[in-house]
Student: 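First the structure, which I've put down as structure tokens, then a few questions once you've had a look.
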Amino acid sequence: MIEFRHVAKTYPDGTTAVEDFSLTVPSHTATVLLGSSGCGKTTLLRMVNRMVDPSSGQVLIDDEDLASVPPVALRRRIGYVMQNSGLLPHRRVIDNIATVPRLNGVSKREAHSRAHELMELVGLDAALASRYPGQLSGGQQQRVGVARGLASDPNILLMDEPFGAVDPLVRMELQRELRRIQTEVEKTIMFVTHDIDEALALGDQIVVLKTGGEVAQVGTAQEIVEAPADDFVAQFLGVDSGRRSLQTVPRPGGGHTVVDGGGRPVGVLEDPPEGSSEPRG
Amino acid sequence: MVEILDWVRWGLNHSDRVLMLTFEHLRLSLPAILASLLVSVPIAAAANRLRPLREVIVSGTGLLYAMPSLPLFIVLPIILGTGVRDMINVVVALTLFGISLMVRSAADGLAAVPEHIRLSATAQGFSPWRRFIGVDLPLAGPAMLAGLRVVSVSTISLVSVSAVLGVQSLGSLFTDGFQRSIVASIVIGILATALLALLMDLLLVLLGRLLMPWTQTARTSAGPVGRGRGR
């Protein structure tokens, strides 16, 4: 469990990234911090592995105040995945994935065999192990990034817009894969994004942020879509642009087409098969 | 044409001496090249840290190159307390020239390491020191190698100047040849120095490929992903 208690962050140049933020992130679930740039979401994420220290307030992991935890050791037990993968370009894929176990003093052989398992988990061909990151596609690099984040089997995985730089098709594929991986590994995930669809797809708990880290709404995807707390959240969701108010219109061939508020078709309506709760796009 | 044959014959007749002098030449230049690198990297790293002083340090060391070499060879022993013909005297002087060329390459190379990669390394749990050794240094490698190649050529050519003081090197072929009017000696001295500089340069390039294999593959990735070199 990660707990933010009235944290604030003012940078030395005087800009206030976060004013007063409190949140509890339950274990083994995915919490998404959703907001536009400048809302302080990355600052908040980085407080968890002490890349940023709060100016006031506390961040706790399982009731332990992080202010007293040495940063380097802390970072080695928390997975971190970032945009543009941040892979080390001079190390092969296998060595990139093995980075944290190696830092923790695990033998090369053991770290590599663990890395091979992780490549399988994230759906990477074993033949890519000896490539350098520069030889991979953007989507493959992000998979390597996820594998690296999981390599030391951390309880917590921090993800800072990890799929922001890949094209939409690959992004959806990666989101689907992350959900699959999460059902296997059940990490406590904190995920930062400005993409509302990504937040709805991945978050067990979604935190909508205004500037300065002000919480606009906390809730499940369903709660936020069904009852946006205020105009800000509604606007973020795209309610006023009609994106979320869907209607059905009869199809000439039978059945229905779903259109949004602007009349643009977004899909077709099908009777849900028995036992399935997750509609497919 | 006849002269070229004469020079070759002279070179062959004196091959023992040329080889010995080549060895002496290397004995002076290799430690200086290595020392230039070892001294420049910490200076460059410190310069990058001390933002406001960066340009002062980098340009300041660069100005060292403006020192006339011959007076330096003579002044240094007074400061170091060594003899003019002492090998250390020559190596220190050459190192100073090497540093003047190397600091900027090293500082620029280290500064060019992408910020998101350094950030990512920190987030993985690299301590500052380990990050410097394991991430910053290797990624600055290509830029530093380029600088070191210039240092190598410059050092090998500058060694010859010390021959004027009587320190043995390939430059001695030039001074001897000049004093005794043996053109072949002068020509062979120049050729051997140039050849040595060329060989050292090749060696450095090969060493770079060996130590930084990722720089080779990065180029191929622009096109359709090349076939992995299986292992």
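Chain letters run A, B, ... following the sequence lines, proteins first, then strands; residues in each count from 1. Please read all numbers here as calculations on a predicted model, not as lab measurements.
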Student: Is Leu158(A) close to chain B through its backbone or its side chain, or both, or neither, when contacts mean heavy atoms under 4.5 Å?
Tutor: neither
Student: Taking all atoms of both residues into account, what is the closest heavy-atom pair of Arg46(A) and Leu119(B), and its distance?
Tutor: NH2-CD2, 3.1 Å
Student: Counting only heavy atoms not in Ile88(B), do more than 12 sit closer than 6.0 Å to its CD1 atom?
Tutor: no
Student: Can you confirm whether more than 12 heavy atoms, excluding those of Met172(A), are under 6.0 Å from its CE atom?
Tutor: no
Student: Please classify the contact of Arg91(A) with chain B as side chain, backbone, both or neither, using a heavy-atom distance under 4.5 Å.
Tutor: side chain
Student: With a 4.5 angstrom heavy-atom cut-off, is it the side chain or the backbone of Arg130(B) that approaches chain A, or both, or neither?
Tutor: side chain
Student: Please rank Arg75(A), His90(A), Arg76(A) by heavy-atom pairs under 4.5 Å with chain B and give me the top one.
Tutor: His90(A)
Student: Looking only at non-hydrogen atoms, find the nearest pair between Gln124(B) and Tyr80(A) and report the distance.
Tutor: NE2-O, 3.4 Å
Student: Count the heavy-atom pairs under 4.5 Å between each of Gly125(B), Ala121(B), Gly141(B), Pro114(B) and chain A, then report the option with the highest count.
Tutor: Gly125(B)
Student: Name the member of Gly86(A), Ala151(A), Pro89(A), Gly79(A) that forms the most heavy-atom pairs with chain B at distances under 4.5 Å.
Tutor: Pro89(A)
Student: Does any heavy atom of chain B fall under 4.5 Å from the side chain of Asn49(A), the backbone, both, or neither of them?
Tutor: side chain
Student: Tell me, yes or no, whether the heavy-atom count around His194(A) atom NE2, taken from other residues, nucleotides or ligands under 6.0 Å, exceeds 12.
Tutor: no
Student: Atom CG in Leu88(A), atom CG in Leu139(B): separation rounded to 0.5 Å?
Tutor: 7.0 Å
Student: Decide yes or no for Tyr132(A) and Pro213(B): does some side-chain heavy atom of the first lie under 4.5 Å from some side-chain heavy atom of the second?
Tutor: yes
Student: When you look at Val72(A) and Phe126(B), which way does the side chain to side chain contact (heavy atoms under 4.5 Å, CB included) test go after all the steps?
Tutor: CA-CA 7 Å; Val72(A) 171; Phe126(B) 277 86; over 6 Å; no
Student: Just wondering, are more than 12 heavy atoms of other shown residues or ligands nearer than 6.0 Å to CD in Glu120(A)?
Tutor: no
Student: Count the heavy atoms belonging to other residues, nucleotides or ligands that lie under 6.0 Å from CZ of Phe23(B), then report whether that count exceeds 12.
Tutor: no
Student: For His116(B), is the NE2 atom crowded, meaning more than 12 foreign heavy atoms sit under 6.0 Å from it?
Tutor: yes
Student: Look at atom CG of Asn155(A) and say whether more than 12 heavy atoms of other residues, nucleotides or ligands are closer to it than 6.0 Å.
Tutor: no
Student: Are any of the side-chain heavy atoms of Arg148(A) and Ser120(B) separated by less than 4.5 Å?
Tutor: yes
